[in-house]
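Written below as structure tokens is the structure these notes are about.
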Amino acid sequence: MDDQRGNLMIEHNDDAFQQLQSVAKEKFVEEFGIDPFWMVSAPSRVNLIGEHIDYCDGFVLPLAINRHIVIAAAPNGTSQANMVSTLFPGEPAVVMVDEDPVMGEPRWANYIRGVLDGFRLKDLWPLPGFDAVVHSNIPLGAGLSSSAAIEVALATLVEGLLGIEINPKNKALLCQRAEQKFAGVPCGIMDQFVSVFAQPDHVVLIDCRSQQAQPIPLADTSVAVIIADTKIQHELSDGSYANRRKQTEIALMILGKDSWREVSMADLEEAKGEMSEVVFQRARHVITEIERTQKAAMAIARGKMDEVGGLMRASHLSLRDDFEVSCRELDIMVEGAWHIGEAGGVLGSRMTGAGFGGSTVTLARAEQAESVMEAMSRNYKQETGIEPHIFSTKAVGGAELSDLL
Ligand code: ADP
Ligand code: MG
């Protein structure tokens, strides 16, 4: 069970996951009057390093966290999917599984429709009808990607319905398309890939150019990952995101290269006179962050957590000073963790996600995670007056289907 003290969630074991599944099961019985045949789960994620370079042919290094979407389900012998989500009581969804899915109400079911449409495009259509209950413990609005988790969970359920397994990369791409076409979010590949490819005690190195995912073992498994939500979301995030993308495109054009993977710091220095100082800084972030992310993956595999910590620190500074996507609250949270230092159990800390608010990610010694979270929370509250939401997790595995029969 989670031991909840104020906004500090301290996880001791897998009980939270077990409880999530039993609630979904109970709710299914209550809703449909029979036991579910299947239980599927898909995790949410946090990115350890590799920020704002997914759209620059770079790498990302996320891990799956112990916060999941679970779906309890059974076939119903009809041509419709009857779905209920505990997050949206009173908004059940009925989706035909023999007609072309189209966007509609309730809106949460658009992710479902998008995934079903992906199976239709693979000629795996019509599907058998089913009843399902969706349940989740992914905090809302914290940028942990509940949308990818629901897509991957549903795709995993459909695999169970059909008794097949599709190629994992194609499954992740099918889910990405669902989000792009049915939720209108121009997302990259990270969230769906990590939800599919994650393994326990591994991070996932994703090459955004080749679209390959490689699980990297955490050689040092004594670490916990702390996620700290600043509870801040600045208005400027949308326009600034588009603006940063544009600046990286301009830089690449000036550099005369097809891909950021072909650009070195020496190339950038050479072209420095041809670009504004701001564009130069943005480019320096991209080049150095690509290098840091590769180095971090290697350091993790060798158990060199001090190196990973140093790379996370450099990543934060680069995002703060060169890419300028941090904000006061993220800086306070990160600096609070840095201040605790290695003696206090902190190995590294940085902002994670697009920035201008959202969460930070901190690597800590598992046995000291509790005191680290308490100190981070105290510091942040003192400096900002805001109560943060902080919890710790291990790196968990990807989506799974269990047969309950
Ligand atoms: P996130 O960063 O969590 O992915 P999004 O806005 O991309 O944020 O996705 C959140 C949306 O995903 C919700 O508004 C809802 O439509 C869908 N969703 C997430 N969790 C659930 C759930 N448990 N049940 C139904 N829909 C969900
Ligand atoms: Mg999302």
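Order of appearance sets the numbers: ligands from 1, and atoms from 1 within every ligand. All values derive from a computational prediction rather than experimental measurement.
Here H234 and F356 keep their ring centres 6.0 angstrom or further from each other.
Put simply, the side chain of F391 does not reach to within 4.5 Å of the side chain of I226, judged on heavy atoms.
Annotation: atom 6 (O) of ligand 1 to nearest protein heavy atom, Y111 OH, 4.4 Å. Looking only at heavy atoms of the protein, atom 21 (C) of ligand 1 is closest to L87 CD2, 3.5 Å. In terms of protein heavy-atom proximity, atom 13 (C) of ligand 1 is nearest to F88 CZ, 4.4 Å.
Remark: D57 does not engage R261 in a salt bridge, criterion side-chain N to carboxylate O under 4.0 Å. Here R45 pairs with D191 in a salt bridge; the nearest charged N to carboxylate O distance falls below 4.0 Å.
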C208 vs V60, side chain to side chain contact (heavy atoms under 4.5 Å, CB included): CA-CA, chis, key distance, verdict
CA-CA 7 Å; C208 301; V60 289; 4.2 Å; yes

Step by step, work out the salt bridge (Lys or Arg N to Asp or Glu O under 4.0 Å) result for E387 and K381.
CA-CA 6 Å; E387 183 95 51; K381 204 172 164 194; 3.2 Å; yes

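The shortest N or O to N or O distance between S146 and ligand 1 is under 3.5 Å. Residue S147 places at least one N or O, backbone or side chain, under 3.5 Å from an N or O of ligand 1.
Against a heavy-atom cut-off of under 4.0 Å, I150 is close to the following atoms of ligand 1: 24 (N), 25 (C), 26 (N), 27 (C). Close approach of ligand 1 to S136 (heavy-atom distance below 4.0 Å) involves ligand atoms 23 (N). Close approach of ligand 1 to S145 is summarised as follows: ligand atoms under 4.0 Å from at least one heavy atom of the residue are 1 (P), 2 (O), 3 (O), 4 (O). Within ligand 1, the atoms closer than 4.0 Å to a non-hydrogen atom of S85 are 22 (C), 23 (N), 24 (N), 25 (C), numbered from 1 in the order shown.
Every pair tested for ring-ring contact (aromatic ring centres under 6.0 Å, His included) that includes a residue from residues 118-177 fails, sequence neighbours excluded, so the list is empty. Sorted by first and then second residue, the ring-ring contact (aromatic ring centres under 6.0 Å, His included) pairs with a member in residues 288-322 read H316-W338; sequence neighbours excluded.
Applying the side-chain contact (heavy atoms from CB on, under 4.5 Å) rule to N167 yields the partners K169, N170; only residues at least two apart in sequence or on another chain are considered.
Closest of all the heavy-atom pairs between V194 and L63 is CG2-C, 3.9 Å.
Counting heavy atoms closer than 4.0 Å to ligand 1, residue I69 contributes side-chain atoms (C-beta onward) but none from N, CA, C or O.
Protein N, O or S atom count below 2.8 Å of the Mg ion (ligand 2): the structure gives 1.
Note on ring orientation: taking the six-membered ring where Trp is involved, the planes of F28 and F32 are tilted (angle from 30° to 60°).
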